[in-house]
Amino acid sequence: MRQAWAPMPEGLTFEEAARYPSVVEAALRVIRQVGVESGQTLLVSGASGGVGSAVLQIARDRGISVIATAGPANQDYLRSLGAVPTTYGAGLVARVRELGRLDAALDLAGSGVIRELIELTGDPRRVLSIADRGAPELGARFSAEAGNLWDAITEAARLFSRGMLRIPVDRTYPLDQAAAAHIDSAAGHTRGRRVLVV
């Protein structure tokens with residue numbers, strides 16, 4: 001098994017550092033796979049969790065504009081990460097269209113929005129999900145295979161050191177409460193990442 005590592009930047013605890021690799025790997029992978037570039041606009045559905053938090057900050061660093069959806073309690077949080085926020089749910093298409101034209105869309109929550117995202121982008125090939133395995137049935141793409149963890153760790157350290165990336169810890173759990181952590185995570189509405197402490 002190939003190992004991947006990078007020096008831990010100053011200012012991070014081990015518990016904090018543990019939350020970066022997987023979410024940054026997923027964020028880098030989906031940004032690359034959906035093909036969005038500097039000067040374009042990306043919609044991120046379910047943006048307040050760990051992967052969404054990383055996507056928003058990496059996109060901002062790359063000059064990609066982001067419209068992001070989350071619940072009402074997370075609108076200011078999305079704004080603080082450089083996104084234009086809106087809520088999910090009924091009327092999503094109309095709300096997003098008022099905010100601008102899209103070049104691509106990501107579904108990070110699996111909340112049944114693939115049809116709406118295709119309608120907004122006008123092209124199912126410009127929609128990618130990491131949470132809805134049924135997305136390919138509508139012509140969109142599904143991404144599950146992990147990419148290069150080495151690149152993710154290196155990029156996370158670089159962005160953190162420049163003050164361009166912070167993934168908040170929503171809650172920590174001792175290892176014997178791993179089952180509770182999974183239950184809480186499945187309930188959604190996370191801001192950032194949950195961490196198991198060994």
Side-chain angles (χ1 to χ4, degrees), residues 9 12 16-89 92 95-111 113-114 116-117 120-121 126-132 141 143 147 151-171 185 188-195:
L12 271 181
E16 290 170 331
R19 68 187 179 238
Y20 283 82
S22 63
V23 296
V24 173
E25 181 282 317
L28 291 169
R29 171 170 34 100
V30 298
I31 288 171
R32 176 180 51 80
Q33 289 176 345
V34 81
V36 67
E37 300 174 350
S38 178
Q40 295 186 322
T41 300
L42 173 68
L43 173 67
V44 180
S45 178
S48 64
V51 176
S53 296
V55 166
L56 269 55
Q57 294 172 83
I58 292 168
R60 178 178 60 190
D61 185 63
R62 295 182 175 191
I64 299 165
S65 298
V66 178
I67 297 170
T69 73
N74 284 320
Q75 299 295 292
D76 287 339
Y77 173 66
L78 298 181
R79 197 173 286 111
S80 77
L81 299 181
V84 176
T86 190
T87 54
Y88 47 72
L92 174 67
R95 283 194 305 280
V96 171
R97 282 188 172 148
E98 288 180 4
L99 297 173
R101 187 187 66 78
L102 299 178
D103 296 290
L106 297 173
D107 165 38
L108 306 181
S111 54
V113 297
I114 300 298
E116 287 88 347
L117 300 185
L120 284 163
T121 61
R126 301 294 287 168
V127 176
L128 185 140
S129 177
I130 63 168
D132 187 340
R141 291 177 289 156
S143 178
D151 288 348
I153 292 172
T154 303
E155 181 70 353
R158 183 186 74 80
L159 290 171
F160 180 88
S161 297
R162 290 177 47 221
M164 298 299 294
L165 181 65
R166 296 290 185 275
I167 308 295
V169 174
D170 184 63
R171 185 172 170 193
S185 181
H189 306 292
T190 302
R191 181 180 296 181
R193 193 83 167 141
R194 292 188 169 97
V195 177

What closest approach, in Å, do [X] and [Y] show between heavy atoms, and which atom pair accounts for it?
{"X": "V36", "Y": "A104", "result": "CB-CB, 4.4 Å"}
{"X": "V24", "Y": "A156", "result": "CG2-CB, 3.8 Å"}
{"X": "G110", "Y": "A131", "result": "N-CB, 3.2 Å"}
{"X": "A83", "Y": "L56", "result": "CB-CD2, 3.6 Å"}
{"X": "A70", "Y": "L78", "result": "CB-CD1, 3.6 Å"}
{"X": "S129", "Y": "D107", "result": "OG-OD2, 2.7 Å"}

Could you state the interatomic distance from [atom1] ([X]) to [atom2] ([Y]), rounded to the nearest 0.5 Å?
{"X": "T121", "Y": "E116", "atom1": "OG1", "atom2": "CD", "value": "11.5 Å"}
{"X": "I114", "Y": "D132", "atom1": "CD1", "atom2": "CG", "value": "5.0 Å"}
{"X": "T69", "Y": "L43", "atom1": "OG1", "atom2": "CG", "value": "6.0 Å"}
{"X": "L102", "Y": "L120", "atom1": "CG", "atom2": "CG", "value": "5.5 Å"}
{"X": "L128", "Y": "R29", "atom1": "CG", "atom2": "CZ", "value": "8.5 Å"}
{"X": "S45", "Y": "L108", "atom1": "OG", "atom2": "CG", "value": "7.0 Å"}

Side-chain contact test, heavy atoms from C-beta onward, threshold under 4.5 Å: evaluate it for [X] versus [Y] and give yes or no.
{"X": "Q75", "Y": "T87", "answer": "yes"}
{"X": "E98", "Y": "T86", "answer": "no"}
{"X": "V66", "Y": "V55", "answer": "no"}

Are any side-chain N or O atoms of [X] and backbone N or O atoms of [Y], one a donor and one an acceptor, separated by less than 3.5 Å?
{"X": "R126", "Y": "L117", "value": "no"}
{"X": "R62", "Y": "I31", "value": "no"}
{"X": "Q40", "Y": "S65", "value": "no"}
{"X": "D103", "Y": "T41", "value": "yes"}
{"X": "Q57", "Y": "R166", "value": "yes"}

Practice prompt. Start with the C-alpha gap between S53 and L81, add the side-chain angles, then the distance that decides, and say whether side chain to side chain contact (heavy atoms under 4.5 Å, CB included) holds.
Written response: CA-CA 7 Å; S53 296; L81 299 181; 4.1 Å; yes
Worksheet item: Does a salt bridge link D61 with R158, judged by any charged N lying under 4.0 Å from a carboxylate O?
Response: yes
Discussion item. According to salt bridge (Lys or Arg N to Asp or Glu O under 4.0 Å), does anything in residues 79-88 pair up with another residue at least two apart or in another chain? List the pairs.
Written reply: D76-R79
Worksheet entry | side-chain contact (heavy atoms from CB on, under 4.5 Å) partner of R141, chosen from V127, I130, V34 | V34
